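In what follows, a structure is listed as structure tokens, so that the remarks can point back to it.
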Amino acid sequence: MRVGPVRHFIGNEFVESQSGRTFSTLNPTTNEVITEVAEGNEVDVDRAVQAAWKAFHEGPWPRMRAEERAGYLRRVGELILKHAEEIGVLEVLDTGTPISQAGGTQIPRAAENFFFAEMASRILGITYMKLAEIIQEADLPPGVSNVVQGYGETAGAALVAHPQASLISFTGESRTGVEILRNAAPTLKRCSMELGGKNPTIVFADADLDRALDAAVFMGYSLNGERCTSGSRLLVERQVYDTFLERFAARVQALRVGDPFDPATEVGPLIHPEHWQRVRGYVELARAEGATVLVGGDRPENLSHGNYLQPTLIVDVRPEMRVAREEIFGPVVVIPFEEEEALRIANGVRYGLAAYLWTREVHRAHRIAQALEAGMVWVNSHNVRDLRTPFGGMKHSGIGREGGEFSFEFYCEYQTIHVALGGHAIPRMGMRA
């Protein structure tokens, strides 16, 4: 598939960077250049912010009824589904996500986010990457949606510092989130941070081990392991540890690694050569710390190009090891536990985004789930989420929640207007007899 140069989308027009600079985006399967992307800086960011400022202060958007705005956003969702096949190809080409995962669930899920537009019509006055083209096709008023490509140090930093950008929603690494919060402070921006995770999957001996096994493999290795909610720490109760680990390792060993455009592929390449090096470095760190790389850990023999890494499983891991505490976006580590240790190990990292708990014991499920330091907990399930529920984490995994009504809390300014309906008493001060 031929991909043309990618430009910024500002004021409903595709435009080049003011500087004329571009950067290359790579196909992670081969590391060949897909296309050139306009590289934005503070000038381009300012153009986009000014377009948005005008749209939300002078344009038709703020004067529309909620139902009208919802209609535009539903139109975007419908167009995403209309172009789903093309979007799926672009997603695979750009990220290496297997086509069965990118096209099967991720694109309809993206459309569902826009179908939540109906929520806009329910805001009550209470009396007591292709996406830019789709938005242009949906004919949103100019400036309502703008896209500027660039690097964090230039385009990102300029947006955070811009006095007319009133809020920042960021998804990414925790250290970057800290820097954004620091730079946003002088302009008193509201910030919503969806940051890193080192999420535990906790399997008790009484669990349905067949279902727990399926879920643990899926949450560890789907989307190439590059997901913030992945179950990257597998905690297994000691009395079933050996049996469960043997079955888990066999499944990991059998995962089909290959061309992400092949429907049979289950694991594709990592996103970028630098990330491949980072993940590979953690594999070596695990060995240096005394852990054992039981499965994978290197490039597949039949895939000499691109950013392919064998699905990797690390065992003999102690909770204090760096590979058990730091987000890798790659391999899964396995740690045994006794029942009284489960919470201490699960909560013993700086992250608190997601957790997965497997047990048939109802009282234990409630007790452990409520004590887990995680913004989202699934009991006897993998990550199956209603988009209306709050998404976000505790500790270094972020600040705030998004999703459904919870997004409106962040993106809207609430205003209370008090209107006197009668001649109520007003205290009269300064009246001397």
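Given the structure is predicted, the values throughout are model-derived calculations rather than measurements.
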message: Nearest 0.5 Å, please: how far is CG in Asn31 from CH2 in Trp276?
response: 11.0 Å

task: Any chance you could measure Ile168, atom CD1, to Leu181, atom CG, to the nearest 0.5 Å?
output: 10.0 Å

query: Do side-chain atoms of Thr265 reach the backbone of Asp259 as a donor and acceptor pair under 3.5 angstrom?
result: yes

- prompt: Is the backbone N or O of Gly11 less than 3.5 Å from a side-chain atom of Asn146, with the two atoms forming a donor-acceptor pair by type?
  reply: yes

- request: Kindly check if the number of other-residue, nucleotide or ligand heavy atoms within 6.0 Å of CD (Glu246) is above 12?
  value: no

- line: Between Asn224 and the options Val267, Asn307, Leu309, the side-chain contact (heavy atoms from CB on, under 4.5 Å) test singles out Val267

- request: Mind running side-chain contact (heavy atoms from CB on, under 4.5 Å) on Arg360 and Asp208 for me, showing each step along the way?
  value: CA-CA 7 Å; Arg360 285 190 171 99; Asp208 183 332; 3.7 Å; yes

task: Find out whether Glu36 and Val33 are in side-chain contact, i.e. whether some heavy atom of one side chain is under 4.5 Å from a heavy atom of the other.
output: yes

- prompt: Does the Thr312 side chain pair with the main chain of Pro331, one donor and one acceptor, at a distance under 3.5 Å?
  reply: no

message: Quick one: does any side-chain atom of Thr201 pair with a main-chain N or O of Ala216 as donor and acceptor, under 3.5 Å?
response: no

field: Taking every non-hydrogen atom, the tightest pair across Val45 and Ala158
entry: CG1-C, 4.0 Å

query: Under a 4.0 Å N-O cut-off, is there an ion pair linking Arg364 with Asp206?
result: yes

- prompt: What is the ring orientation for His382 with Phe218, classed by angle as parallel under 30°, tilted 30 to 60°, or perpendicular over 60°?
  reply: perpendicular

- request: Show the numbers, then the answer: is there a side-chain contact (heavy atoms from CB on, under 4.5 Å) between Asp46 and Glu42?
  value: CA-CA 6 Å; Asp46 183 64; Glu42 66 275 8; over 6 Å; no

- prompt: Taking side chain as C-beta onward, heavy atoms only, is Ile134 less than 4.5 Å from Ile87?
  reply: yes

field: Side-chain donor-acceptor pair present, Thr22, Glu39, cut-off under 3.5 Å
entry: no

- prompt: How far does CZ of Phe337 sit from CG of Leu234, to the nearest 0.5 angstrom?
  reply: 9.5 Å

message: I want to check something: taking the side chain as every heavy atom from C-beta on, are Glu226 and Leu270 in contact at a cut-off of under 4.5 Å?
response: yes

- prompt: How many angstroms lie between OH in Tyr351 and CZ in Arg325, if you round to the nearest 0.5 Å?
  reply: 10.0 Å

- request: Please determine if Asp214 and Arg211 form a salt bridge, counting it only when a charged side-chain N lies under 4.0 Å from a carboxylate O.
  value: no

Atom of Ser174, atom of Leu195 and distance for their closest heavy-atom approach: OG-CB, 3.6 Å

message: Within the structure provided, determine whether Val217 and Leu255 are in side-chain contact (heavy-atom separation under 4.5 Å).
response: yes

- request: Without swapping roles, check the side chain of Lys395 against the backbone of Leu353 for a donor-acceptor pair under 3.5 Å.
  value: no

task: Check salt bridge (Lys or Arg N to Asp or Glu O under 4.0 Å) between Glu16 and all other residues, then give those that pass, not counting sequence neighbours.
output: none

message: Please check this pair: side chain of Gln136 against backbone of Asn12, looking for a donor-acceptor N/O pair closer than 3.5 Å.
response: yes

message: Checking side-chain polar atoms at under 3.5 Å, does Ser192 have a donor or acceptor matched by the opposite partner on Tyr411?
response: no

task: Return yes if some donor-acceptor pair links the side-chain N/O of Ser232 with the main-chain N/O of Val332 below 3.5 Å, else return no.
output: no

- prompt: For the residue pair Ala291 and Ile314, what are the closest heavy atoms and their distance?
  reply: CB-CG2, 3.7 Å

task: Could you tell me whether Arg367 and Glu339 make a salt bridge, using a distance below 4.0 angstrom between a side-chain N and a carboxylate O?
output: yes

query: Heavy atoms, side chains only, cut-off 4.5 Å: are Glu133 and Phe9 in contact?
result: no

task: Starting from the C-alpha separation in whole Å, work towards a yes-or-no answer on side-chain contact (heavy atoms from CB on, under 4.5 Å) for Ile328 and Val279.
output: CA-CA 6 Å; Ile328 303 175; Val279 172; 4.3 Å; yes

message: Could you report the tightest heavy-atom contact between Ser100 and Pro263, atom names first, then the distance?
response: CB-O, 4.0 Å

- prompt: Can you name the nearest heavy-atom pair linking Val147 to Ala132, along with the distance?
  reply: CG2-CB, 4.2 Å

query: Would Glu413 and Arg190 pass as an ion pair if we require N to O under 4.0 Å?
result: yes

- request: Could you tell me whether a side-chain N or O of His8 sits under 3.5 Å from a main-chain N or O of Ala48, the two making a donor and an acceptor?
  value: no

- line: Value for CG (Leu159) from CZ (Phe170), rounded to nearest 0.5 Å, stands at 11.5 Å

- prompt: Hey, does Leu372 have a side-chain heavy atom less than 4.5 Å from the side chain of Leu343?
  reply: yes

message: Can you see whether Glu137 engages His83 through a side-chain donor-acceptor pair at a distance of less than 3.5 angstrom?
response: yes

message: Taking the side chain as everything from C-beta on, heavy atoms only, tell me whether Val236 gets closer than 4.5 Å to Leu245.
response: no

task: State whether the side chain of Gln101 and the backbone N or O of Glu266 hold a donor-acceptor pair below 3.5 Å, judged by distance alone.
output: yes

query: Which heavy atom in Glu91 sits nearest to a heavy atom in Ala102, and how many Å separate them?
result: CG-CB, 4.0 Å

- prompt: Relative to the ring of His275, is the ring of Phe329 parallel (under 30°), tilted (30 to 60°) or perpendicular (over 60°)?
  reply: perpendicular

message: I want to check something: taking the side chain as every heavy atom from C-beta on, are Ser145 and Tyr72 in contact at a cut-off of under 4.5 Å?
response: no

statement: So salt bridge (Lys or Arg N to Asp or Glu O under 4.0 Å) across residues 228-244, not counting sequence neighbours, yields Arg238-Glu338

Tyr308 side chain vs Thr29 backbone, donor-acceptor pair below 3.5 Å: no

task: Could you give me the CA-CA distance, side-chain angles and deciding distance for Leu313 and Tyr221, then say whether side-chain contact (heavy atoms from CB on, under 4.5 Å) is met?
output: CA-CA 10 Å; Leu313 176 61; Tyr221 299 96; 3.9 Å; yes

message: Test salt bridge (Lys or Arg N to Asp or Glu O under 4.0 Å) on Glu326 and Arg175; report intermediate values, then the result.
response: CA-CA 12 Å; Glu326 300 177 9; Arg175 286 173 297 182; over 6 Å; no

field: Approximate separation, where rounding is to 0.5 Å, of Gln239 CD and Phe204 CZ
entry: 10.5 Å

Over 12 non-hydrogen atoms of neighbours within 6.0 angstrom of CD in Glu274: no

- prompt: What is the ring orientation for Trp61 with Phe56, classed by angle as parallel under 30°, tilted 30 to 60°, or perpendicular over 60°?
  reply: perpendicular

